[in-house]
Every structure is written in C-alpha cells, then in structure tokens.
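Note sheet for the following structure.
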Amino acid sequence: MDIQYFKEFIVFTQYLNITKASSELHMTPSSLSKHMKQVEREVGCPLVDMHRSKLELTEVGILFLNRIQKIVREYDDLLEECQTHQIESRIDIVAQRAPYEDAGSKAYHALLYELGDGGIARIKYAKASHRDFTQSLRAGKLDLFLEYRIGDIEDIESRYSEEGLCSKHLTTEPLALWCSKDSELVPGPLPIEKLSSVSIMVPTDTCSPTRILLEDLRKTYGVKPMSKIVSTSTGIEFVFADQMDAAYLYPLSQTQSSMLQLKRGMATVLVAEEVEVHAFAIAASPCRSKRKREAEIICDFFKNEPVC
C-alpha cells in the first residue's frame, strides 16, 4: 500500500469530511474518495461508517489509524535520518575557479554542479592561486582544476596518465587572437607560421592558460610567439592593459565573453583551422594523492559522466 495513502487517511480522519480533507491535501474530492476506497479494499473491511448522518471510524478504522500513524512517523524519521546521513557523508572537494567564461569553463562548472547537486560532494573553491596545480593536487591542497591544451587529445590524455593525473576532456574549439581592430592581423585567419611574429599578452601568473598554450604551440607546431609580460593583479586589469601592438590568445568562445566585450575597438582573428584548444578537468590519481577518497570519487565520476 502506498505510504501516501496512509498520510491521506490520517488527514481524512481529522475532518471525517471528504471535501474538507481534500482541500487540506490540495487534491480533488473524487481522487481522495477513490484512494480511501482503495485502502478499504486492501484492508478487507470498512474503516468508516455512517452514524446519525455523520461519518465515524469503525473499530477496525480506529485500530488501523493508530497503527499507520506510527508507521508514518517511523517512515518520516527514517527519511530524515537517511538525508542527514547523506549530507554528513558528503566529501569536500576543493576546486580551482575557472579562469575564463568560455565553453570549457561552462562545461567545467556544469561538472562541478553535477558533483554537488548529485549529493556527491560539497564544492569549495581554492582561496589562493596555486602556482603548480599538479603539486597542489598531490599535496591535497586542491582536488580539481581546469586546464587548456593544444595537441592531439589522446596524446594529452596519455601524458596526464603518465604524470599520475586523471583527466576529463570537456570541449574543443578553435584557437583565436583577440587584438585591436586596427591591427594588421585583422581579418585573418592567421597562418600558424605567422604566429612567431606576433606579440602575445602574458600575465605574470605562472599557471595562466596563456603560458601553457604558448608552450604547447612551441612543442606541437614549432612556433614561438613573442611574449609581452603584463604585471597586473586582476583579470580585468589584464584585459584593459594598454598594449595596442600586442594580441591576446584565447579559445574562440572566450572572445565573446562579457568581460572582453567591455573593451571597445577589439576584433577576433582565427588562427589556422587545424589549431584547436582542448579544455580538460584534471584531478590526481588516487594512488598519487594525499586525499585518496576525494580522488577516487572524482576519477570514478569522470568515467561515468558523459562528454559535454
């Protein structure tokens, strides 16, 4: 018998009136009446009877009411206990904040949402910038971060595995330059070999995606763009740095982000079609992390979560 029918019967006995009880339960009188008849059929005898134009509980009805009240209380207590246990058993996962507003960052935040909303973990964001994400993972200071790479996806994943890291490929999109609309680079696309003559804006943060992308360009395509180091403390300062003869290097979707749109007079230039940026969510392998349980849960989640 449906536990909800028990709850409906208890409310009904408070009024002994189908119309009033159904109003309290936010259901139609006909539905409640149907449910009450179903309860009586399953019990096998009448639970209410008409006496002097009023509905009254039969002796069996009183017995039934007393027992189901206890059952409903125990059921509600059990649910509360299970939910409390689930909350208390959740782990805390420390994650890096996504550096961009691009497709990769959105997929990364969606993954974090699934981890948290699915009752698996409480997501806490790292308070400070980690200069070496890999070491931070292994030391237990960080559980999850987002990284952008250029190259063959299988090769990148193989390198992660060799380094004792679990990876989840999130998105792939073209590499783009974001520069002044008056730049000689506009309108593009820019051949890959021409990148070596371009000055790229690079923040002082040694773990910035720009530095990693530049290194991957050198290793994968043999091109080494010039770097223009910009000493700023925030992302917005970096975007508004006054360097008109240089360009920013981003995944294509980042050039349409709300922050970048605040800066006027800029244009997007695609790099040659074969150059793509891959976004990966990264966690330490359980055998290489000081937070083994957290690493196991994240790596298992990576295996079961479909590709975005």
Side-chain angles (χ1 to χ4, degrees), residues 91-118 120-173 175 202-203 205-220 235 249-251 253-254 276-308:
I91 62 169
D92 289 335
I93 287 179
V94 181
Q96 167 220 14
R97 292 187 182 277
Y100 294 148
E101 301 173 50
D102 68 315
S105 292
K106 291 176 181 177
Y108 174 73
H109 281 297
L111 185 146
L112 292 177
Y113 178 81
E114 288 297 321
L115 273 168
D117 191 58
I120 300 171
R122 287 182 294 262
I123 305 300
K124 295 185 176 182
Y125 290 100
K127 294 181 180 179
S129 174
H130 293 270
R131 295 299 176 183
D132 188 327
F133 286 129
T134 302
Q135 288 300 320
S136 296
L137 286 176
R138 292 172 181 164
K141 297 177 181 178
L142 191 68
D143 298 310
L144 194 61
F145 74 92
L146 175 65
E147 188 167 70
Y148 297 84
R149 304 305 300 255
I150 292 172
D152 180 78
I153 293 175
E154 291 186 2
D155 288 345
I156 295 169
E157 290 176 332
S158 178
R159 289 200 300 270
Y160 280 139
S161 181
E162 291 171 1
E163 294 171 8
L165 302 173
C166 292
S167 63
K168 177 71 176 178
H169 174 232
L170 300 177
T171 58
T172 294
E173 59 178 312
L175 180 66
V202 180
D205 184 356
T206 56
C207 275
S208 76
T210 303
R211 290 178 180 270
I212 297 170
L213 293 178
L214 287 174
E215 182 63 17
D216 280 353
L217 281 171
R218 183 186 67 81
K219 291 179 179 179
T220 306
L249 194 66
Y250 288 126
S253 59
Q254 174 63 9
E276 294 179 320
V277 182
H278 312 293
F280 290 88
I282 310 296
S285 296
C287 61
R288 303 286 291 273
S289 173
K290 287 188 176 182
R291 286 161 60 86
K292 184 174 181 180
R293 183 183 175 215
E294 289 79 359
E296 285 178 343
I297 288 174
I298 295 171
C299 292
D300 286 344
F301 183 77
F302 280 2
K303 294 174 185 176
N304 297 323
E305 183 71 4
V307 176
C308 297

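The model shown is predicted, which means the values in this text are computed figures rather than measured ones.
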- Glu215/Arg218 salt bridge by N-O under 4.0 Å criterion: yes
- At what distance, to the nearest 0.5 angstrom, does CD of Glu157 lie from CG of Asp152? 9.0 Å
- Query: Between Ser208 (side chain) and Pro203 (backbone), is there a donor-acceptor pair under 3.5 Å?
  - Reply: no
- Message: If you apply the rule side chain to side chain contact (heavy atoms under 4.5 Å, CB included), what do you find for Lys168 with Phe301, and how did you get there?
- Response: CA-CA 10 Å; Lys168 177 71 176 178; Phe301 183 77; over 6 Å; no
- Whether Tyr100 and Tyr148 hold their rings parallel, tilted or perpendicular, with breakpoints at 30° and 60°: tilted
- Task: Rounded to the nearest 0.5 Å, what's the gap from NE2 on His278 to CD on Glu173? Could you check?
- Result: 10.5 Å
- Taking atom types as modelled and ignoring hydrogens, do the side chains of Ser158 and Asp155 form a donor-acceptor contact shorter than 3.5 angstrom? no
- Item | Leu249 side, atom CG; Leu214 side, atom CG - distance, nearest 0.5 Å | 5.5 Å
- Side-chain contact, heavy-atom cut-off 4.5 Å: Val277 with Tyr250? no
- Item | Nearest atoms (heavy-atom pairs only) where Arg122 meets Asp92 | NE-OD1, 2.7 Å
- Task: Considering non-hydrogen atoms only, spot the tightest contact between Ala281 and Leu144 and give its length.
- Result: CB-CD1, 4.5 Å
- Closest approach of Glu276 and Thr172, non-hydrogen atoms and distance? OE1-CG2, 3.5 Å
- Query: Atom CZ of Arg149 and atom CG of Leu213: how far apart are they, to the nearest 0.5 Å?
  - Reply: 8.5 Å
- Query: What pair of heavy atoms forms the shortest contact from Tyr108 to Ala95, and how long is it?
  - Reply: OH-CB, 3.6 Å
- Considering only heavy atoms from C-beta outward, does the side chain of Ile156 approach that of Asp216 to under 4.5 Å? no
- salt bridge (charged side-chain N to carboxylate O under 4.0 Å, His left out) partners for Asp143, two or more places apart: Arg291
- Compare every heavy atom of Ala284 with every heavy atom of Cys299, then report the nearest pair and how far apart it is. SG-O, 3.6 Å
- Task: Assign the ring pair Phe280 / His169 to parallel, tilted or perpendicular, where the plane angle (0 to 90°) is split at 30° and 60°.
- Result: tilted
- Within-4.5 Å side-chain heavy-atom neighbours: Arg211 and Val202: yes
- Message: If you compare all heavy atoms of Ser253 against all heavy atoms of Ala103, which two are closest, and at what distance to 0.1 Å?
- Response: OG-N, 2.9 Å
